[in-house]
Structures are given as C-alpha cells and as structure tokens.
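Per chain, numbering begins at 1; letters A, B, ... match sequence-line order.
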2 protein chains.
Amino acid sequence: MARRVTINDVAMAAGVSRQTVTRAHNDLGDISEATKRRVLEVSAQLGYRPNRFARNLVGRQRPRAAGLLVGSFSNPYYTEIAGAFLAAAAERGWQVMMASGESGDETAAVEMLAGHVDLFVGHFRLSDDELAAAVQGIPAILLDDRCSRPGFHSVEIDLRAGVRQAMAALEAKGVRRVGMIDSSYSLRASPTYSPTPRRRFFEEFAFGAPEPAVVAGEESMAGGGHAFRALMAQYPDVDGVLVFNDMMAIGAIQAAQALGIEIPGRMRILGVDGLTLGEAVHPTVSTISLDREALVTSALDIADTLAAGNFTHTESLHRTVMPRLLWRESA
Amino acid sequence: MARRVTINDVAMAAGVSRQTVTRAHNDLGDISEATKRRVLEVSAQLGYRPNRFARNLVGRQRPRAAGLLVGSFSNPYYTEIAGAFLAAAAERGWQVMMASGESGDETAAVEMLAGHVDLFVGHFRLSDDELAAAVQGIPAILLDDRCSRPGFHSVEIDLRAGVRQAMAALEAKGVRRVGMIDSSYSLRASPTYSPTPRRRFFEEFAFGAPEPAVVAGEESMAGGGHAFRALMAQYPDVDGVLVFNDMMAIGAIQAAQALGIEIPGRMRILGVDGLTLGEAVHPTVSTISLDREALVTSALDIADTLAAGNFTHTESLHRTVMPRLLWRESA
DNA sequence: CAGCCTGCCGTGAACGTTCACGGACGAACC
DNA sequence: GGTTCGTCCGTGAACGTTCACGGCAGGCTG
C-alpha cells in the first residue's frame, strides 16, 4: 500500500520544517550548507520526490500543455508533423502530450489526455459529436479539417488551389489524360469527407476525358502500387496521375517501373505531402507539398492566442496555409 | 491579466456551493436536473474549466505519466518505437508526454518534462553526468543503452548475439569477405560508444580478411548510398555488407543497383532494425530485426514495477531482448 | 404523531506544495 | 550597551478541487 513520501515526512525525519526542505530542493538560499546536505540526504534515503500536481498548483506561472493527436505513426507525413510541432512548441514554452487514434480507442486516448492539457491539436478521426463529447470542453485545433462548433478552431490547407495549379501544370507539360489514385480510407466519418476532398478537387479540374479516371487503394506503398496497376488496366490512355499521398506515389512509381513504363517520359506521377523521403528514391517524387512548418506554426499561433485569453475564446479561429508545387523528377 | 475562472466564481454566479458545481460537472447525482442545467450554463458562460492540477492533486488514483524521449522523428525506427510505446502505454494506463532531442536542447526538453512525469523512457544523447542532472531525481529507463548510476534502468538489445548469428549465416551462404557500413554519428557522447557497438561486434565476428572493411556514412538513405560506393572503391572484393540500419541499407541497395551489382547474387546486403519499410522496396531488405514490441513491453514492465513501489527503487532493473534474423531478399 | 427515509444541498477538511511574513540569534556598528 | 543588520529557520495561509459528513426539507410508514 505504501503511502507516498511527502515533504512533511522528510521534514520530520530531518528535524526541520517543510519550508526548509523546499529550500534545500529548490536552491532557494536562506539555508546553511550543512542543513541542506542533511535534508537532501534524508530525502534520497526516504525516496522523496515532490508531487508534481501540488507543485504546479501553487507555482507562479502555469505551464501550458497541448495534447497532440497524431494521425498515424506509420505515415511519415504525420510523424514529420509531430516532430515539427514538438520542436516549435518547445520553443514557445508549450508542453506536449501525444496520443494516437490509430491503435485502439481514440475516444479513450482523448479523454486520457483531457486531464492534463489545456488544448488539443491534431488530426482526429472521431465524428463531430464524439469529438465534442471527448474533449470535455477543452478547446481543439483541427489540422487540415474543420468543425463549426464553438471551441473548435482550425488550420486548413487550401488543397483546392494546389490541385488546380497542379492540373494546369500537368496539362502544360503535355499530359493528355490525367487520372487519380485516391485513398480508400476516409479520415473522418463524416459526409463532408465522402468522397475525399482530394478526389473532389481532382474531378473539378481533371481533363482529357469526360469520365474521371479514379482508382482507390490502401494508404501505403503497396496500396499505391496495386492501385496503379488497376488504373493502367482500366484506363490505358492515362499518361499522368495525381496520387493521394507520397507513400502511395512511391508505390505507384515502383509499379510503373516494374511494368516498364518510363517516368516521366511516358507517365507523369505527382504525389501529395512533400515528404523528404520522396527525395531519396529514384526518380524523386514530384509532389504538392503541404508545408508542415507553416501548419504547426499557424496552429501554435492560435494556441498562443487562446492561452492569452485563458482559453475562453468564444469565436472560432481559422488559418489557411497554401500548398506549394514541388517539381522533382517524377512529373 | 484576467485571473482564471475558478469553481467558486461559478458557484457564486449560480447561487450555489462549490460542491454543487462539482456535482454538475462530474455527473455525481444528489443534484436536481434543473440546478445541474443552470450550473452548466453559467459555467459555459464564464468559460470555467476545472484546474487539472487541483483535480489531480485530490483525486483518488494518481495518473501515471511517462516522458518518452524520441531519438529522431525522421528515422522510422524511432517513430515506430514511439507508436508502439504509445499504444502499449495507453493500454496499461500510462499517460505519455514526448519530447525529442534532435532539434535544440535535449537538456531543456528533459527538464521541461520533469515537472509532469513520474518516469523517463527513451534514447538519450546526453552524457551520464548531464542526464543525471537533467532528470532531477526522476527514474529513467534507457533503451538500447545503459547507465550504472542509481535511478537508471535499462532495456538492452543483445546485438552481439545478433551480429554473431548474422555473420555465421552470411558465411554459410557463401559470402567470401564481409564488410560494414557504420554510422558516422555516435548517439551518446561517451567513450563506451566510440566506436559504435555495432562496429565492435562486426569486427569481432568479421571474416574473409584480416583487415576489417568498414566505411562510415550519414544515417540516411543517401548516406548509405555514398558509403556503399566508397566501400566498393576501397574494398572491391567484398561480397557481403552489414549496414548500420535499414534506411542506410536501402540506400546501399539502390546504389548497388545503379552500379549494376546484382543482389543477392553478387552482393548480399543486411540491415539492422527490421523496418516494415524494408518490405516495400525491391529487393526487400534482409535485416537483423530489433523487436520494437518486446522493447517497449519490457520497458513498461519495468515502469510498472517502479510504479508499484512508488518509484523508490534503489537497485537498477535491466532487461535484455534478443534480436531476430529476418531473411528477406537482399541477403 | 413520532419516526424514518429520500432527495437535494452546504460546510469543513484534506491533498502536497510554495509564498509571505515574522522571529530568534549572533555579529557588527555607533 | 542599545541599535541595526544579516543569517537561518519556522508558521500560517494560499492554490483549486474533491471527499466525508451533516442538515434541512417533505413525504411516507407504523
């Protein structure tokens, strides 16, 4: 059972008062070197460690903690965001707690964090209703998504503009008919996301044939490869492909090479994300780059604004970041 | 300045007592539906959110929080560990806060977490002295590393056994002279790690020539490629290579293909880590697989043991996990 | 009608730490 | 020798919440 050792236990054992123990531990001065040594010795012997909750409760400046919900730890896009967020947040004095909804119950993960954070940030899978219930009134900043309820803010990516530019550029480069490899998995279980925005924008700006050439696959390299083969079988005249994300694009490129299709001569392949991994393969992956630095910076701007108002903002805050076409070798 | 809204503010505004506000927020019963609604309404209007520190201070069961130090967010090995740890920790009721030392000051990152966690876990770059100072008495579990001081525990990987088996298997497969691509970056600034353990074990079991054929490179795909070319230039008779990690191995494989070297016919390449990414490239990467599940499970076993004793363990706890040879196509 | 139970609500205490203040003691000064 | 100062240490209060308990109605029971 072993009740935890408190500051009073140490004080009694060392024959001093609470305050003296505090002084010893926090290097406060107003204490002789001898008592300090003795107190620290007794502390170590009893295994005393200050209670972090009590300490933060009374402490001067309250630490600000953000809960980051990572979409998936197996997709570099999300881990790069996580890394960027962690670095930028630390610089601004934010603590970060992380969770991921990919394995197990996202509701449980969010509720667990709720007791420790002032704010949520990230990619959520939950529906609006579930999410609103899970966050327990704690404000949330949605990345690449939005929710109209009070207490929810967002940083969106203007992917529509990115796709429009990409389609125009592909056509200018001589592509006759463009196709798309979509994700078979919708992030949010919401009517807004079916079909995926990427697919909607693609269909809006597609060219070369009245019927949109779209095939969906799993969000992985293998899924991209399979989808590419299916696309070729179904629409053999396609000579340019927009792929849902870079991991799938790499898979598609490998599949094309295996089929003896020359890239970018016979086929231009364009991913989405702008992964650094895309620079390390051959040919390097051309992509609609989503600026992760700007994404997390914007999110932290909102976070700082909320913190300045003690997290009692009524109106929703929104930012938009623009994607950037990153021409490498594959398109 | 705006002092934060407390439970008393809500109580006064709603004309009830603290306890009634608590009852309303925590669904406790002993409260009429009408007052409950009124209290929640006033709460929302004032923007009241319970102080998490006060709540945790008095609450029945103390949440257990672990601080995870992620080696790097740009190497899938570490992010896979992070993902596995997050999932397993959540299952056992641990909260997880993360930081990374890769960008900026690792000391600052550790000290920041120190106020919020009961325990540290992860890959540290700091020297023993710096680390001991940074953790402020909070116990730490070192992954794939060790530190003999009190309060430090570890989960080690018996890489020596893995390398020994790998070398024997490579020789059995007909390799005449084996070489190695090492990392030019030492994780810990400590004499124990120079040269890297992987290199030490390689040299212990290398065969085919008295002089060990070793070239070091950056820990990335590109670094692996460059190192492979250097290795070929310097030791043209090498026909089997142990590579520091899988990312570098992928780079080496690509370089070999570019040089027209057949894999595994003319050259066998063996990585370390067991990344799932290694299954998605061609040829798939044979590797000494470090079991990330076992690693985090062992770490959490230690964590649970420490928690059971209120984190006042004097002796150091250690676990060892065995690597496993994963024969895929490249060796 | 006395007694009891039930529904609703309030008051003191507790959690473990730090802050603000004050007091004892010795040395140094005029 | 009284005053002042500096060093070292202790005591009450505060942080914001929940827990344990008790109280006050009103309705029901015997």
Exercise. So A:E80 and B:F73, side-chain contact (heavy atoms from CB on, under 4.5 Å) or not? Walk me through it.
Worked result: CA-CA 6 Å; A:E80 284 186 15; B:F73 270 91; over 6 Å; no

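The side chain of A:A54 lies closest to C:dT17 when the candidates are D:dC9, C:dT17, C:dC8.
Atom CG of A:L57 is separated from atom C1' of D:dT18 by 12 Å (rounded to the nearest Å). Rounding to whole angstrom units, CG of residue B:N51 and C1' of C:dT17 are separated by 13 Å. Across the protein-nucleic acid pair, A:I31 atom CD1 and C:dT18 atom P stand 13 Å apart, rounded to whole Å. D:dT11 atom C1' lies 14 Å from atom CD1 of A:I7, rounded to whole Å. We find that CG of B:N56 is positioned 15 Å from C1' of C:dT17, with the value rounded to whole Å. In this structure, the CG atom of B:D30 is 16 Å from the P atom of C:dC5, given to the nearest Å. Note: CG (B:N26) to P (D:dT17) measures 11 Å, nearest angstrom. For the pair A:R55 CZ and D:dG16 C1', the interatomic distance rounds to 19 Å; values are reported in whole Å.
Checked options B:R23, B:H25, B:Q19; the residue passing with B:V21 is B:H25 (criterion: side-chain contact (heavy atoms from CB on, under 4.5 Å)). Checking A:T320, A:L290, A:D291 one by one against A:I157, the side-chain contact (heavy atoms from CB on, under 4.5 Å) holds for a single residue, A:L290.
Using a 3.5 Å distance cut-off with no hydrogens or angles, the side chains of B:W94 and B:D118 do not pair a donor with an acceptor.
Inter-residue side-chain proximity for B:I138 and B:F120 is flagged as met; some heavy-atom pair is nearer than 4.5 Å. Side-chain contact between A:V110 and A:V135 is present, with heavy atoms from C-beta onward closer than 4.5 Å. At least one side-chain heavy atom of B:L317 sits less than 4.5 Å from a side-chain heavy atom of B:L306.
Between atom CZ of residue B:F152 and atom CG of residue B:D145 there is a gap of 10.5 Å, rounded to the nearest 0.5 Å.
Taking five base pairs at each end of the helix from C:dC1-D:dG30 to C:dC30-D:dG1 and finding the rotation axis that steps the C1' atoms of four pairs onto the next four gives two axes whose angle is 60°, to the nearest 10°.
For the OP1/OP2 pair of C:dC15 and a distance below 4.0 Å, the side-chain nitrogens and oxygens of A:T6 include no atom meeting the criterion. Taking 4.0 angstrom as the limit, A:S32 places a side-chain polar atom (N or O) nearer than this to OP1 or OP2 of D:dC9.
By the 6.0 Å contact criterion, CD on A:Q136 is enclosed, its count of non-hydrogen atoms from other residues, nucleotides or ligands being greater than 12.
A residue-by-residue look at B:P50 and A:K36 shows that A:K36 has its nearest nucleotide of DNA chain D further toward the 5' end.
Across residues 18-25 of chain B, B:R18, B:Q19, B:T22 each have a non-hydrogen atom less than 4.0 Å from an atom of DNA chain D (numbered order).
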